[in-house]
Structures are given as structure tokens and as C-alpha cells.
There are 2 protein chains.
Amino acid sequence: MRIGELARLTGVSPRSLRWYGEQSLLRETRTSGGHREYDDDAVDRVQAIQVLFAAGVPARHVAGILPCYDTGTTTPAMVARLEEERTRLRAQAAELAATLQRLDEMVAETRLRLLAA
Amino acid sequence: MRIGELARLTGVSPRSLRWYGEQSLLRETRTSGGHREYDDDAVDRVQAIQVLFAAGVPARHVAGILPCYDTGTTTPAMVARLEEERTRLRAQAAELAATLQRLDEMVAETRLRLLAA
DNA sequence: GTAAGAGCTGACATACATGTCAGGTTCAAG
DNA sequence: CTTGAACCTGACATGTATGTCAGCTCTTAC
């Protein structure tokens, strides 16, 4: 499929898809005229990339996490890295919860200050 | 107190404290020689600013959320904005939880692919 | 073969708090 | 009055995926 269709199917802009290609996150072939062509698998791949981005994994690490993009190979190291990221994300979630609690306290305090005035 | 001490007490770099001043988040007076001087309250204020930053509130909104930095005034609008931010942060926490779950699924899938190989 | 839509490249912009550096000034203790 | 630590300003850099624009080319249906 071409880039417009992949963009439509994934909700990711053509601009971003081209960039994924540049970063070697996504395999692309070219037509004789130079237009990008993608396999059907690309849809899943793009979605996986988006999950990792949402998890705060920088693009330069994604290639080492996702199964090798031309051979489909999966290695134990990938599982390990993925688990590291999960650990990191859990920690981040915990921090966010702590921040939320501090924010709750700020709301309460600010309300009190308002009443006192 | 001067900037070095405030930095030490809050764990925020002098560079950042100067920037808070520029952004009118923090009140600073000057010695005759031009060195910044801070009230003791500044410690609390800086910590509040950090909580808001951690919650993803951009600096340009902080001034409208924290009690007015020279009069100490607290308005109902501040409480409202603070509650908006709390709502936003809760949504963000929920998204993070969803992402974490998708990451869990990815870990499981990747493990399976590894076993299958 | 042509018109319109889709795609191409390359470049510049963004948000934002912080790091860091250079070159100069002030402060405070001796 | 000197010295060393602390501070000043101003500037440039950072990371990062995405938006957007300009100018040009390819594709495809007619």
C-alpha cells in the first residue's frame, strides 16, 4: 500500500511515516517513480511503534525493541529491553500518582486559603 | 537569602531559579550590587512550582494558578484552574495505565514469538 | 495526453525547562 | 585591600516527534 492509505489506516501522518522510514523503524520499498510502498504488516508495526512512543520510548531505541523489521527475528534481548521499558513506565506511573496526590493537597490548601480570606 | 542557598534548599539549579524570576513566577529583590535576594517563602513557592511542572503545567500557566506572588492573594479562579489541572492529570494517569497494559501485551506477545522460533 | 490528486524532497519551526560557557562583577572574610 | 567564592548577564544548545510550506514529480482515470 502507499503512504496515504497507511496514514489513513493508522491515524499517523504521512510526514511521520516518512520519518519512521528514515529512522529505519519501518521498511519501505519504492515504486519505479520513487513512491513508497508498504507491506500489510506495516499497519501493526506502526501501531506497535505508537505504543512504544506513548510509553516514552525514544525512536532510537525502538529499532532494538521491535522484532527485526526485515527478518521478523525476535531475540531474548528484545524481551529484556521491553521489560525494562515496562519497569520504567511503572515507575513513571507511580511518580505520576505521587504528583497527583501532591496536586490534591495543593487544591485542598488553596481552598482553605480562599475560605480564610 | 541568595540564589545559592535557595538552590541548595530546593534542589533547583540557580539557572532555573533565575529563569523563574524572568517568568515572574518568583519574586526577587536585588542587593545594591545586583545580586538576587529571596524571602524565606520562596522555598515553598519553588516547591509548588516544581509540583506543577511535574504535573505538566507549563510555566506560562503557573502564574495564574499560584497565589499572587507579591500580595499572596488567592482567588476562586485559581482553585478552578488547579482543579482543571488535576482533572487533566487524572486523565493522563489513566492513559498511562492503558499504555502500560498495551506494553504488557507486547511483552507477552514477544515472549510467545520467541518461544515459537 | 491531460488533469487532478497523491507523493516526493528539503528546510524551517515548535515547545520548554534546563545545561553550560564565557567574560565580567560583587561579596565577605582575612 | 586582597582574594576566592558566589553571582551577574547573555548566548547557544538540548531532545523529539510532528506540523507546515514550497516547488516539483508521479500516478491514474478519463
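Just so we're clear, the structure is a prediction, and the values are computed from it rather than from any experiment. Letters A, B, ... mirror the listed sequences (proteins, then strands); counts begin at 1.
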Heavy-atom nearest nucleotide on DNA chain C taken for B:G34 and for B:F53; more 5' hit belongs to B:F53
A:M1 CE to D:dT28 P, in whole Å, measures 15 Å
Between A:R60 and B:I3, whichever has its closest DNA chain D nucleotide further toward 5' is B:I3
Here the pair of heavy atoms bringing B:P58 nearest to B:F53 is C-CE2, 4.5 Å
- Query: Looking across every strand, which nucleic acid part, if any, lies under 4.0 Å from B:Q50 by heavy atom: base, sugar-phosphate, or nothing?
  - Reply: sugar-phosphate
message = Using a 4.0 Å heavy-atom cut-off, does A:P58 contact any base of the nucleic acid, only the sugar-phosphate backbone, or nothing at all?
response = sugar-phosphate
Q) Can a donor-acceptor pair under 3.5 Å be found between the side-chain atoms of A:R18 and the base atoms of C:dT9? A) no
note: A:L26, atom CG; D:dT18, atom C1'; distance rounded to Å ~ 16 Å
A:E37 CD to C:dG7 P, in whole Å, measures 11 Å
Sorted by position of nearest nucleotide on DNA chain D, 5' first, the leading residue of A:T31 and A:W19 is A:W19
note: A:Y20, atom OH; D:dG19, atom C1'; distance rounded to Å ~ 13 Å
**Message:** Test of understanding: clusters of I, L, V, M, F, W, Y form through side-chain heavy atoms closer than 4.5 Å, transitively. Do A:V43 and A:W19 belong to the same one?
**Reply:** yes
Note to self: Does this structure show an ion pair linking B:R2 with B:E5, if we count only N-O contacts that are shorter than 4.0 Å?
What the structure shows: no
- Do B:L114 and A:M78 have side chains that get closer than 4.5 Å, going by heavy atoms? no
From CZ of B:R15 across to P of C:dT20 the rounded distance in Å is 11 Å
B:H61 NE2 to C:dA17 C1', in whole Å, measures 15 Å
Atom CD of B:E22 and atom P of C:dT18 are separated, to the nearest Å, by 12 Å
Legend entry - Touch class at under 4.0 angstrom, heavy-atom based, for A:R8 against every strand present: nothing
Item to check | Residues, nucleotides or ligands: over 12 heavy atoms within 6.0 Å of A:E37 CD | outcome: yes
Q. So, is B:R30 close to the D:dT9 phosphate, meaning a side-chain N or O under 4.0 Å from OP1 or OP2?
A. yes
Side-chain atoms of B:S16 come closest, of C:dG19, D:dT27, D:dC8, to C:dG19
Using OP1 and OP2 only, check whether a side-chain N or O of A:R36 sits under 4.0 Å from C:dT9. yes
To the nearest angstrom, the CD-P distance between B:Q23 and C:dA15 comes to 13 Å
Among D:dG19, D:dT16, D:dC7, the one nearest any side-chain atom of A:S13 is D:dG19
